[in-house]
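Each remark here refers to the structure printed beneath this line.
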Amino acid sequence: MSSRLVGVGVGPGDPELVTVKGVGALRAAEVVVVPVIDSGERGRAEATVLHYVPAEKVVRVVFALNERSDRARREAAWDAAGERVAALLRAHGSVAFATIGDPNVYSTFTYLAQTVADLVPGTVVETVPGITAMQDLAARSGAVLTEGTEPLTLVPVTAGAAVLKEALNGPGTVVAYKFGRQAREVAEALRDSGRIGDAVWGSALGLPEESIRPAADLDGAPLPYLSTLIAPARREGGRGGKL
């Protein structure tokens, strides 16, 4: 039988936001892999997974999750992680990979699946969608992501503040991921575009250390790496104005 690798989105941190299908996929797999920066740590994905599967079923695999400057080191880490998961597939046949958010939205699973498919030919790769940080932040803050014909633009600020500025000068709602280290530049871009008034940011959503604040409170101090920002579309014309 073919080996089966399933990327399971486990949401932004709140274990109650894992879907029923996601829980089923985690429990059905023989092994559940969780990504970590250091093998001695417990990451957010693992903390969520442990609400649904026993610890002895969970395997930590080290990924260079924050390595951006040294491509050779990053590629070597991806190769090593792929080899580890490939070995697990050969031994067990069914492996789930738990990723925060959704496995098809800025997820390490994308790179892992490509590597494993080459190492274990015939592997069936599937994904189970997960609730994203922008959806959770919208729900917790009351920010409406889209109305009518509005577009929605998702920007990883790791691509640079210029990308965010361009998006803010366009139409629709703008969501920024991973902006914590560039909080000062993000605040400046929001002010320059006139969109700071309705914007909101959040981090550690669904966790005890959760923080949800108006973007106007940004003072330039560094924030957690996985902070999320929502700058809602400019809305005029009352109810249904964008239909």
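A quick note: this is a predicted structure, and the numbers were derived from the prediction, not measured.
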**same_hphob_cluster(Val124, Val116) at 4.5 Å side-chain heavy-atom cutoff** = no

**Message:** Under the side-chain contact (heavy atoms from CB on, under 4.5 Å) test against Glu46, which residue among Leu50, Thr48, Val49 passes?
**Reply:** Leu50

**Fill in**
Between the CG atom in Leu137 and the CG atom in Leu229, the distance rounded to the nearest 0.5 Å is 8.0 Å

**Asked** Hey, quick one: are Ile196 and Val186 part of the same hydrophobic cluster, counting side-chain heavy atoms closer than 4.5 Å, chains of contacts allowed?
**Response** yes

**Request:** Indicate the atoms forming the closest heavy-atom contact of Ala25 with Val6, along with that distance.
**Result:** CB-CG1, 4.4 Å

Can you list, pair by pair, the side-chain donor-acceptor contacts under 3.5 Å of residues 91-100, counting residues two or more places apart and other chains?
unit_1 : atom_1 : unit_2 : atom_2 : d
Thr99  : OG1    : Ser107 : OG     : 3.0

**Asked** Run the side chain to side chain contact (heavy atoms under 4.5 Å, CB included) check on Leu119 and Val85 step by step: do they pass?
**Response** CA-CA 10 Å; Leu119 293 172; Val85 174; over 6 Å; no

**Prompt:** Nearest 0.5 Å, what's the CG-NZ distance between Leu226 and Lys178?
**Reply:** 7.5 Å

**Message:** Pair Val128, Leu26 - check side chain to side chain contact (heavy atoms under 4.5 Å, CB included), show working.
**Reply:** CA-CA 10 Å; Val128 177; Leu26 293 172; over 6 Å; no

**Asked** What distance separates Leu89 CG from Glu30 CD, expressed to the nearest 0.5 Å?
**Response** 10.0 Å

**Request:** Please confirm whether the backbone N or O of Gly206 pairs with a side-chain atom of Glu210, one donor and one acceptor, at under 3.5 Å?
**Result:** yes

**Request:** Begin with the C-alpha distance, continue with both residues' side-chain angles, and end with the deciding distance and a verdict on side chain to side chain contact (heavy atoms under 4.5 Å, CB included) for Gln182 and Leu164.
**Result:** CA-CA 11 Å; Gln182 294 177 269; Leu164 175 62; over 6 Å; no

**Message:** Is there a path of hydrophobic side-chain contacts, each under 4.5 Å between heavy atoms, that joins Leu145 and Val155?
**Reply:** no

**Prompt:** In Å, rounded to the nearest 0.5 Å, how long is the span from CZ of Phe109 to CD of Gln114?
**Reply:** 10.0 Å

**Prompt:** Do Arg27 and Val53 come within less than 4.5 Å of each other through their side chains, counting heavy atoms only?
**Reply:** yes

**Prompt:** In terms of heavy-atom contacts, does CZ of Arg184 have more than 12 from other residues, nucleotides or ligands at under 6.0 Å?
**Reply:** no

**Prompt:** In Å and rounded to the nearest 0.5 Å, what is the OG to CE distance from Ser141 to Met134?
**Reply:** 13.0 Å

**Prompt:** How close do Arg213 and Ser211 get, heavy atom to heavy atom, and via which atoms?
**Reply:** CG-OG, 3.7 Å

**Message:** Treating Ser193 as the side-chain partner and Asn169 as the backbone partner, does any N or O pair qualify as donor plus acceptor under 3.5 Å?
**Reply:** no

**Prompt:** Within a strict 4.5 Å, meaning less than it, do heavy atoms of the Leu207 and Arg44 side chains meet?
**Reply:** yes

**Item:** Over all atoms of both residues, closest heavy-atom pair of Thr173 and Ala233
**Value:** OG1-N, 3.0 Å

**Prompt:** Is there a side-chain contact between Arg42 and Arg60, using heavy atoms and a 4.5 Å cut-off?
**Reply:** yes

**Request:** For the residue pair Thr132 and Tyr177, establish whether any side-chain heavy-atom pair is separated by less than 4.5 Å.
**Result:** yes

**Prompt:** Taking all non-hydrogen atoms of both residues, which atom of Glu209 and which atom of Ala204 are closest, and how far apart?
**Reply:** CG-CB, 3.5 Å

**Hydrophobic cluster membership, Val105 vs Val125, 4.5 Å side-chain cutoff** = no

Could you go through residues 10-21 and list every donor-acceptor pair under 3.5 Å that involves a side-chain atom there, pairing it with any protein atom two or more places apart or in another chain?
unit_1 : atom_1 : unit_2 : atom_2 : d
Asp14  : OD1    : Glu16  : N      : 2.9
Asp14  : OD2    : Arg140 : NH2    : 3.1
Thr19  : OG1    : Gly22  : N      : 2.9

**Request:** Check Leu168 against Ala231 and note the closest heavy-atom contact, atom names and distance.
**Result:** CD2-CB, 3.9 Å

**Prompt:** Rounded to the nearest 0.5 Å, what separation is found between the OG atom of Ser3 and the CG atom of Leu88?
**Reply:** 11.0 Å

**Asked** Hey, are the side chains of Val120 and Leu5 touching, using non-hydrogen atoms and a 4.5 Å cut-off?
**Response** no

**Single-linkage hydrophobic cluster, 4.5 Å side-chain cutoff, Val58 and Val31 together** = no

**Prompt:** Does Val33 reach the side chain of Arg84, with side-chain heavy atoms less than 4.5 Å apart?
**Reply:** no

**Request:** Evaluate the side-chain proximity of Trp201 to Phe179: yes if any heavy-atom separation is below 4.5 Å, no if none is.
**Result:** yes

**Request:** Please report the closest heavy-atom contact between Val36 and Gly43, naming both atoms and the distance.
**Result:** CG1-N, 4.3 Å

**Message:** If you define the side chain from C-beta out and look only at heavy atoms, does anything of Tyr106 sit under 4.5 Å from Leu154?
**Reply:** yes

